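All values derive from a computational prediction rather than experimental measurement.
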Amino acid sequence: MSSVAVRKAAPAAGTTPGTAQGPPLRRRVALVPTVALLLGAVYCLLPVAWVVIASTKSGSELFSTFTFLPGSGFAENLRDLNAYRDGVYWQWMGNSALYAGLGALLSTAVSSVSGYALATYRFRGRESMFNVLLAGVLMPPVILAIPQYLLLAKADLTDSYLSVLLPQILSPYGVYLSRIYAAAAVPADVVEAGRMDGAGEWRIFTRVALPMMVPGLVTVFLFQFVAIWNNFLLPYIMLSDDEKFPITLGLHTLLEQGSNTPALYTLVITGAFLAVLPLVALFLVVQRFWSLDLLSGAVKS
């Protein structure tokens with residue numbers, strides 16, 4: 001039996017043995033998305049870093065020290081913010097939590113029912129209704145603020161908590177996301193099987209479809225919570241009593257007073273830093289539901 005010797009191919013000229021022989025141009029092109037993402041991350045995180053560092057500075061340090069050099073006045077800023085008008089800042093935070101939490105919860109409930117109905121049932125005018133919904137998604141909220149104010153003024157609901165909550169309940173974008181997710185996550189065969197077993201439509205929705213839609217609804221809740229928490233124009237138009245202000249409008253009033261009282265600038269910055277923390281905490285909590293859904297899907301498959 002003769003043996004055949006296998007020779008290794010010699011490395012190309014100008015290259016080092018044992019190294020990857022990929023085209024240099026392709027590797028350089030692959031770096032472009034990474035560099036673009038890094039620049040985007042720096043662009044988004046730089047203002048956050050500035051707020052975090054500026055909140056540690058006292059009034060004298062804020063304008064006299066290097067921008068990204070931490071200060072020593074964070075505890076004092078917290079005490080001053082807590083003492084300002086007997087703690088009205090925490091009243092604003094509570095109002096924002098009420099508007100964003102209850103508004104996002106109600107909006108998610110309405111979006112889930114509407115999206116499921118648009119995805120599951122076949123009825124005349126369904127596509128036309130969905131097209132109108134898409135037009136609502138594309139319409140800027142600033143256009144609707146004045147008509148909403150006039151409608152609520154007719155109902156004598158302005159300058160109340162309901163004047164901020166009611167316009168936020170119906171979210172065209174939330175209904176759109178729920179419809180898309182329900183169409184992808186809820187199989188028609190499962191719905192038909194529930195009907196054949198004698199279950200009513202509401203029971204099929206709550207017991208069968210709703211658990212399948214949870215990840216999509218969590219996304220709708222997160223988007224709505226962030227949108228309502230950051231909303232400024234609607235409360236600015238609807239509210240006149242500053243004890244009902246959300247945190248965005250409250251910090252705006254502080255900033256306006258800071259033009260005459262520069263010492264309030266540190267309170268505005270510290271308040272802005274504290275206002276970001278609930279959103280970060282919410283995202284960390286919500287991320288758990290996405291991870292659990294991916295794991296459960298992997299196990300079931």
K.L.:
For Tyr176, does the OH atom sit with more than 12 other heavy atoms under 6.0 Å from it, leaving out its own atoms?
P.N.:
no

K.L.:
Is there a side-chain contact (heavy atoms from CB on, under 4.5 Å) between Trp90 and Asn82? Walk through the geometry before answering.
P.N.:
CA-CA 8 Å; Trp90 303 110; Asn82 188 53; 2.9 Å; yes

K.L.:
Regarding Ser107 and Gln168, do their side chains bring together a donor and an acceptor under 3.5 Å, going by distance alone?
P.N.:
no

K.L.:
Is the closest side-chain heavy-atom distance between Tyr181 and Leu217 below 4.5 Å?
P.N.:
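SC-SC contact between Tyr181 and Leu217 ruled out.
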
K.L.:
Indicate yes or no: at least one non-hydrogen side-chain atom of Val286 is less than 4.5 angstrom from one of Thr219.
P.N.:
no

K.L.:
Are Arg179 and Tyr116 in a cation-pi setup, meaning NZ or CZ lies under 6.0 angstrom from the ring centre and within 45 degrees of the ring axis?
P.N.:
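The answer is no; the distance or angle limit is not met.
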
K.L.:
For the CG atom of Asn230 and the CG atom of Leu279, what is their distance to the nearest 0.5 Å?
P.N.:
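Between Asn230 CG and Leu279 CG, I get 6.0 Å after rounding to 0.5 Å.
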
K.L.:
For Asn131, I'd like to know if atom CG has over 12 heavy atoms of other residues, nucleotides or ligands within 6.0 Å.
P.N.:
yes

K.L.:
Are there more than 12 heavy atoms of other residues, nucleotides or ligands under 6.0 Å from atom CZ of Arg126?
P.N.:
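Check passes, neighbour count above 12.
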
K.L.:
Can you tell if the side chain of Phe205 reaches within under 4.5 Å of the side chain of Ser112, non-hydrogen atoms only?
P.N.:
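Answer yes - side chains close enough.
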
K.L.:
Does any N or O in the side chain of Glu61 come within less than 3.5 Å of the main-chain N or O of Ser58, such that one atom is a donor and the other an acceptor?
P.N.:
yes

K.L.:
Using a 3.5 Å distance criterion without hydrogens, assess whether the side chain of Thr120 forms a donor-acceptor pair with backbone atoms of Ala117.
P.N.:
no

K.L.:
The criterion is side-chain hydrogen bond (donor to acceptor under 3.5 Å, both in side chains); which residues satisfy it with Tyr236, sequence neighbours excluded?
P.N.:
none

K.L.:
Hey, could you give me the CZ/CZ distance between Phe66 and Phe68, rounded to the nearest 0.5 Å?
P.N.:
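With rounding to 0.5 Å, CZ (Phe66) is 7.0 Å from CZ (Phe68).
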
K.L.:
If only atom types and distance count, is the side chain of Asp197 paired as donor or acceptor with the main-chain N or O of Ala199 below 3.5 Å?
P.N.:
no

K.L.:
Residues two or more places apart in sequence or in another chain: which of them pass salt bridge (charged side-chain N to carboxylate O under 4.0 Å, His left out) with Arg122?
P.N.:
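Arg122 satisfies salt bridge (charged side-chain N to carboxylate O under 4.0 Å, His left out) with no residue once adjacent residues are dropped.
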
K.L.:
Is there a donor-acceptor pair under 3.5 Å between the side chain of Thr56 and the backbone N or O of Gly71?
P.N.:
yes

K.L.:
With no hydrogens and no angle check, is any side-chain donor or acceptor of Lys244 less than 3.5 Å from a backbone partner on Asp159?
P.N.:
yes

K.L.:
Rounded to the nearest 0.5 Å, what's the gap from CZ on Arg85 to CG on Leu267? Could you check?
P.N.:
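If we round to the nearest 0.5 Å, Arg85:CZ and Leu267:CG are 12.5 Å apart.
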
K.L.:
State the OG1-CE distance between Thr108 and Met213, to the nearest 0.5 angstrom.
P.N.:
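If we round to the nearest 0.5 Å, Thr108:OG1 and Met213:CE are 10.5 Å apart.
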
K.L.:
I'd like to know if the side chain of Ser114 reaches the main chain of Ser111, judged simply by a donor and an acceptor atom lying under 3.5 Å from each other, with no hydrogens or angles considered.
P.N.:
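Checked: no pair found.
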
K.L.:
Would one find more than 12 heavy atoms of other residues, nucleotides or ligands at under 6.0 Å from atom CG of Asp156?
P.N.:
no

K.L.:
Please report the interatomic distance OH(Tyr173) to CG(Leu138), rounded to the nearest 0.5 Å.
P.N.:
11.0 Å

K.L.:
Check whether Trp92 reaches the backbone of Asp242 with its side chain - one donor and one acceptor, N or O, closer than 3.5 Å.
P.N.:
yes

K.L.:
Please determine whether side-chain contact (heavy atoms from CB on, under 4.5 Å) holds for the pair Asn77 and Ile269, giving the CA-CA distance in whole Å, both sets of side-chain angles, and the decisive distance to 0.1 Å.
P.N.:
CA-CA 9 Å; Asn77 293 339; Ile269 295 172; over 6 Å; no

K.L.:
Keeping to residues at least two apart or across chains, list the ring pair (Phe, Tyr, Trp, His ring centres under 6.0 Å) pairs with something in residues 141-165.
P.N.:
Tyr99-Tyr161

K.L.:
Please check this pair: side chain of Asn231 against backbone of Ala227, looking for a donor-acceptor N/O pair closer than 3.5 Å.
P.N.:
no

K.L.:
Any chance you could lay out the side-chain contact (heavy atoms from CB on, under 4.5 Å) test for Val220 and Ser171, step after step, and finish with the verdict?
P.N.:
CA-CA 9 Å; Val220 173; Ser171 169; 6.0 Å; no

K.L.:
Carefully, step by step, assess Tyr84 and Val88 under the rule side-chain contact (heavy atoms from CB on, under 4.5 Å).
P.N.:
CA-CA 7 Å; Tyr84 178 75; Val88 70; 3.8 Å; yes

K.L.:
According to side chain to side chain contact (heavy atoms under 4.5 Å, CB included), who are the partners of Leu284, at least two apart in sequence or on a separate chain?
P.N.:
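Side chain to side chain contact (heavy atoms under 4.5 Å, CB included) check on Leu284 returns Val280, Gln287.
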
K.L.:
Indicate yes or no for a side-chain donor-acceptor contact from Thr253 to the backbone of Gly250 under 3.5 Å, with no hydrogens or angles considered.
P.N.:
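Confirmed, Thr253 side chain pairs with Gly250 backbone.
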
K.L.:
Heavy-atom count check: over 12 atoms from other residues, nucleotides or ligands less than 6.0 Å from Phe123 CZ?
P.N.:
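Count over threshold, so yes.
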
K.L.:
Do Val276 and Val51 make a side-chain contact, defined as non-hydrogen atoms from C-beta onward lying under 4.5 Å apart?
P.N.:
no

K.L.:
Check for a donor-acceptor pair, side chain of Asn95 on one end and backbone N or O of Glu243 on the other, with a separation under 3.5 Å.
P.N.:
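Yes, Asn95 side chain to Glu243 backbone: donor-acceptor pair under 3.5 Å.
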
K.L.:
How long is the straight-line distance from CD1 of Ile169 back to CG of Leu102, given to the nearest 0.5 Å?
P.N.:
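So the gap between those two atoms works out to 7.5 Å.
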
K.L.:
For Arg195, check salt bridge (charged side-chain N to carboxylate O under 4.0 Å, His left out) against everything at least two apart and list the hits.
P.N.:
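Only Glu192, Glu201 meet the salt bridge (charged side-chain N to carboxylate O under 4.0 Å, His left out) criterion with Arg195.
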
K.L.:
Please enumerate all residues that pass side chain to side chain contact (heavy atoms under 4.5 Å, CB included) together with Ser160, with sequence neighbours excluded.
P.N.:
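Only Leu157, Leu162, Ser163 meet the side chain to side chain contact (heavy atoms under 4.5 Å, CB included) criterion with Ser160.
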
